[in-house]
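The next block holds one structure in the form of structure tokens; read it before the comments.
Note on naming: letters A, B, ... go to the chains in the order of the sequence lines (proteins, then strands), and numbering restarts at 1 for each one.
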Amino acid sequence: MTEDTANSNRLILWLFNPFRFVAGFHALLIGLAIILISGLIGSFSNTHFDGLLDVHTGAAKPLWFFLAEGLIDWMCMTVLLIIFGFIISRSSFRIIDVIGTQALARWPYLITALAMLPNANRRVLEYILSKVTQAAPAVTINPADVFVFGFAMILLLLMTIWMVALMYRAYAVSCNIKGARAVVTFIVSVILAEALSLLLIRAFLVSL
Amino acid sequence: MKVLPTTCPACSSQLNVKSLICEQCQTEIQGQYELPLLARLPTDDEDFVLEFIKASGSLKEMAKLLGLSYPTVRNRLDEIIERIKLTEKDGNEGKEKKL
């Protein structure tokens with residue numbers, strides 16, 4: 001194997017399975033920083049990560065609100081995966097690895113937060129909303145806005161798929177679970193975590 | 001040095017040692033000797049076990065040494081444990097068949 005091939009293989013592994021190289025406390029520190037920075041960047045464009053896989057442009061809120069949303073999403077998924085890990089894993093595993101790798105797995109949403117920054121997204125969304133509600137459009141949009149919005153939406157879709165793939169890899173590596181049992185429990189966890197995070201964010205944050 | 005074959009290329013059964021030779025005086029011993037359990041593992045696994053022992057059985061140390069994360073190393077160890085159990089089981093079943 002040439003050095004170039006080895007380097008590109010390692011790069012692919014870092015992109016799609018970084019948990020092969022980093023887990024535990026290191027992953028937790030990096031992941032936590034990413035979650036908080038994503039929340040901070042999201043706050044600039046009022047982009048809410050208001051559910052495990054949700055990204056919505058919404059009302060202006062204080063910074064802590066955006067940060068708390070990201071933390072709730074991460075914790076809901078982590079707690080469920082730890083429970084499933086204890087039930088079905090035949091290996092002993094460290095909770096810190098599940099917590100850390102799940103935090104790191106959310107890094108594609110940092111790119112999503114950046115993609116949602118341009119004002120063009122807000123203008124196009126307001127325009128679409130006015131069309132749906134049949135109100136007179138309060139904003140005008142140009143082709144460049146539509147292009148930026150389209151690009152952001154494609155990126156959002158790709159980053160969501162990537163994040164889910166990373167969350168699965170993180171679960172498989174940190175709990176040493178493979179095959180159908182891993183896939184089924186992961187899908188169940190995603191569904192439950194999505195519902196739980198939505199519920200918690202609406203019940204505790206929105207009501208404040 | 002050549003890699004020690006542990007399974008039969010024709011039927012994939014466990015190979016045994018038929019003869020041993022002293023390199024010093026060329027004394028040759030012939031018989032039917034079973035390979036030790038560790039020698040029956042694939043070379044990669046054998047190397048891992050040796051490194052693991054040299055790291056005083058510390059998975060953290062192994063992770064540092066191999067540049068891998070702790071769970072990746074622990075999962076590798078779990079795989080080797082499974083393989084050892086399977087090899088032991090196959091060996092016992094083989095003996096029972098002979099009897």
What part of [X] gets within 4.5 angstrom of chain B, counting heavy atoms only: side chain, backbone, both, or neither?
X: R94(A); answer: both
X: F21(A); answer: both
X: N176(A); answer: both

Non-hydrogen atoms of D97(A) and Y70(B) that approach each other most closely = OD2-CD2, 3.7 Å

Euclidean distance, D78(B) CG relative to S89(A) OG, rounded to 0.5 Å = 8.0 Å

Neighbourhood of chain A inside residues 54-64 of chain B, taking heavy atoms under 4.5 Å as contact |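 Within residues 54-64 of chain B, the residues that come under 4.5 Å of chain A (heavy atoms only) are K60(B).
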
Look at K178(A) together with E79(B) and state whether they make a salt bridge at an N to O cut-off of under 4.0 Å.
->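 Between E79(B) and K178(A) there is a salt bridge, with a charged N closer than 4.0 Å to a carboxylate O.
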
Options V73(B), L68(B), I81(B), ranked by heavy-atom pairs under 4.5 Å with chain A, top entry = L68(B)

Please indicate whether Y33(B) has more than 12 foreign heavy atoms, meaning atoms of other residues, nucleotides or ligands, lying under 6.0 Å from its OH.
-> yes

Return yes if some donor-acceptor pair links the side-chain N/O of N75(B) with the main-chain N/O of V173(A) below 3.5 Å, else return no.
->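 A pair under 3.5 Å: yes.
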
Examine distances only and state if a side-chain atom of S69(B) and a backbone atom of A23(A) form a donor-acceptor pair shorter than 3.5 Å.
->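 Judged by distance alone, no pair lies under 3.5 Å.
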
